[in-house]
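Notes follow the structure.
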Amino acid sequence: MKKIHIYILVLLVAVACNKPVETNNYCVLPLPQNVELNNKTFALSKANKLIVDAPEEDKRILEEYITASLSEFANNGKGTIRLVVKDSVAGISSHEGYSMTIAPKEITVEATSGAGLFYGIQTILQMARENSTVACGKITDEPAFEYRGLMLDVSRHFFDKEFIKKQIDAIAHFKMNRLHLHLTDAAGWRIEIKKYPRLTNFAAWRKPGLWKDWWFGDRLYVNEGTEGAYGGYYTQDDIREIVKYAQERYITIIPEIEMPAHSEEVLTAYPELSCTHEPYKQADFCIGNEKTYEFLENVLSEVIELFPSEYIHIGGDEAGKASWPHCPLCQKRMKEENLKDVNELQSYLIQRIEKFVNSKGRQIIGWDEILDGGLAPNATVMSWRGTEGGLAAVNSGHKAIMTPGGYCYLDSYQDAPHTQPMAFGPYMPLDKVYSYNPIEGIEAEKAKLIHGIQGNLWVEYIPTEEMVEYMIYPRILAIAEIGWSNPAERNFAEFRERAINAVEWLRGKGYNAFDLKNEFGQRKEASQESDNLAKGKSIVYAENAPYSNSYTAGGDNALIDGVHGGWTYTDKKWQGFISGGIDVTIDLGEEIEITSVHADFMQMCIPDVWMPAEVTIALSSDNCNFNTVAEIKHNVVRDEELSFKNYGWESDKAIKARYVRYTAKSGKQGGWLFTDEIEIK
Ligand code: ACM
């Protein structure tokens, strides 16, 4: 990775990138690696002369792309843009890197591939966004990571090829180079496979359009053409069109075909591939049955024909494995292959599929569960359950792509939950995503095996195109910058300015990007220490209402430490209770006058976090006789995203007490209660 060298002038300009600046504009995202600019400018216009010296296919792609892009620049600059592919370029080691000299009459971009030239062009287009001119000077730039991806789930809700192409345009502009399509899952199979027509004339369709209505309803599939059927799939011609469109923007489409789990739709269309041979009963393929391999290999053969990608993603996540111990064929397989448990059985399938995929000249990627039971010899691991899977992969000499849920899952809230549509995961704003460093704590030799980073958008609760874009942008820009730029030069405040500028551009282009400029931001209580009278005093938890070991918030003093949590229960400041309630007694050490007792709770339906149904607050002088001062009832409603609510008591007239008992009970739905502080004043 190269050291960034940016002159102070440029940095100042960068910070102010959304305003016209005296010298020139410099608002590139991801931040280039080496930049030296001066006060002169090159005028970008549709009248620029274009000279492309590159292999034929790259020349065609680049000429078409640049001509279309320049048509938006109305001024009358007559300078030349010269693009050259060479065997080597000084200062560049990646085939995606570029070196660019900008003079008033000519821009020359050199690279060792068409991709490098394409990325140089993105830099030029971004620099010219503000006033159609590009600052003169020199930029030498290349990516930190080879793999810079976005994953889109098109199973839970289906998005057509035009929408996919629109997203390809956007992510290419930010120098991303992979689009991973999650093509198959219970909610619908989304790619035409000639040999298995029921996958798309049946298993791609359902009645309720909204995933949650279907998943929590009948979970039935219907035949294509049924009145009111929701769904869809990409024909093989659609796939060829998407792949070609992506190639022309130097993006590789990675198809994901799920196995052995998340396969309810396949096993209903073709029930003989499950352990029990019953439709609607199984999510996991039967690993003992040879027909499973025949099916998977036939499907993968068609997939490999359609997608030139080196990588084929074979899923591998979240297998329930429940039917395998009872299935005679799976048991026979375990015996014959000397497999000691169901993890090894899963690994048998993955390894066998890997051999098949390798025999076609391709490699597999799998979610990090493919580590369980023994990793396939050449597999690349996509680390999603935290970073441990990725670390285990590189420690055993495998490549890893980092997509840890806490930083890279774009289906989580990007702003204060009460300001946002219901989301799957907890608060994960832009700065959280940006704070991730895929190689932090990994020794240099092993860090080379970290292939890159990916943002994932699962769409269980995201049924529309507008919502997909809202969740992707601008957080994918943080992923793009982590994937490309030098981590040593990362500065969130400065990045945020560039991201705001990019959001404006995206919105102008018709993308429904989140309005970053008007972000609500972190919960204000989280940055203020509370003047809780209970701070430093003692607290006793009733034996039948302990806090969970998974969410201790630091232990016994968490509710009286003066520290409030932010917008998420995962920030280690919220204490979690799963046993049905909270029952704590705070000892203030001596009788004092108090006028209020309050605690905050949150409700986030999808992760099963709820408001209490009942809260009681009682005061005592002797820890024996308690005087109930508040009894609060709340009707907990499923699907009601209340986010945050305060349950408390207050009085104009102070009451003397030494002990404060706070109890909160869950409603009938059970689940989690979270509170961060019991505040006594
Ligand atoms: C996953 O989120 N199940 C990979």
Side-chain angles (χ1 to χ4, degrees), residues 147 149-157 178-190 211-212 215 254-267 282-285 311-322 342-343 346-347 349-350 353 364-373 375-376 379-393 398-414 423-426 428 432-433 436 438 451-462 468 471-472 475-476 479 568 570 604 606-608:
Y147 186 114
L150 166 68
M151 186 222 75
L152 183 60
D153 168 11
V154 291
S155 172
R156 274 51 176 256
H157 292 102
R178 302 293 200 291
L179 177 64
H180 161 185
L181 292 177
H182 185 75
L183 289 166
T184 74
D185 213 304
W189 181 280
R190 304 293 178 212
W211 175 86
K212 76 180 165 73
W215 185 253
I254 297 184
E256 180 183 353
I257 304 296
E258 273 278 19
M259 64 190 78
H262 283 279
S263 297
E264 290 92 334
E265 83 292 23
V266 180
L267 303 177
Q282 305 284 319
D284 301 343
F285 280 93
Y311 290 115
I312 305 295
H313 200 305
I314 50 79
D317 57 322
E318 298 183 308
K321 305 171 187 164
V342 287
N343 287 339
Q346 157 149 329
S347 182
L349 175 132
I350 301 290
I353 293 298
I364 64 163
I365 300 177
W367 298 110
D368 57 45
E369 287 91 333
I370 66 166
L371 284 153
D372 303 340
L375 192 49
T380 294
V381 171
M382 203 165 251
S383 186
W384 73 279
R385 296 175 301 175
T387 55
E388 295 79 5
L391 298 185
H398 289 255
K399 281 203 247 181
I401 296 157
M402 304 306 280
T403 67
Y407 297 93
C408 297
Y409 269 42
L410 307 177
D411 54 351
S412 49
Y413 284 99
Q414 65 190 313
F424 201 113
M428 199 186 75
K432 178 82 196 269
V433 182
Y436 180 55
H451 198 37
I453 180 168
Q454 178 168 287
N456 292 335
L457 189 70
W458 302 102
V459 298
E460 283 92 338
Y461 294 89
I462 306 179
V468 167
M471 300 306 270
I472 292 177
R475 286 181 294 181
I476 201 66
I479 304 276
T568 169
T570 59
M604 293 184 188
I606 301 169
D608 204 23

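Just so it is clear, the structure is predicted and the values come from calculations on it, not from any experiment. Counting begins at 1 with the first residue of the sequence. Whatever order the structure lists them in is the order used to number ligands and atoms, beginning at 1.
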Between the side chains of R156 and D185, is the shortest nitrogen-to-carboxylate-oxygen separation below 4.0 Å, so that they form an ion pair? yes

Kindly indicate, with the supporting measurements, whether the criterion ring pair (Phe, Tyr, Trp, His ring centres under 6.0 Å) is fulfilled by W211 and Y461. CA-CA 7 Å; W211 175 86; Y461 294 89; 5.5 Å; yes

Would you mind listing which atoms of ligand 1 come within a distance below 4.0 Å of any non-hydrogen atom of W458? 1 (C), 2 (O), 4 (C)

Centroid separation H451 to Y311 less than 6.0 Å: yes

Indicate yes or no: at least one non-hydrogen side-chain atom of L183 is less than 4.5 angstrom from one of S155. no

Has ligand 1 got any nitrogen or oxygen that is less than 3.5 angstrom from a nitrogen or oxygen of Y409? yes

E318, any N or O under 3.5 Å of ligand 1 N or O: yes

Nearest-neighbour protein heavy atom for atom 3 (N) of ligand 1, which is reported as residue plus atom name and distance: D317 OD2, 2.7 Å

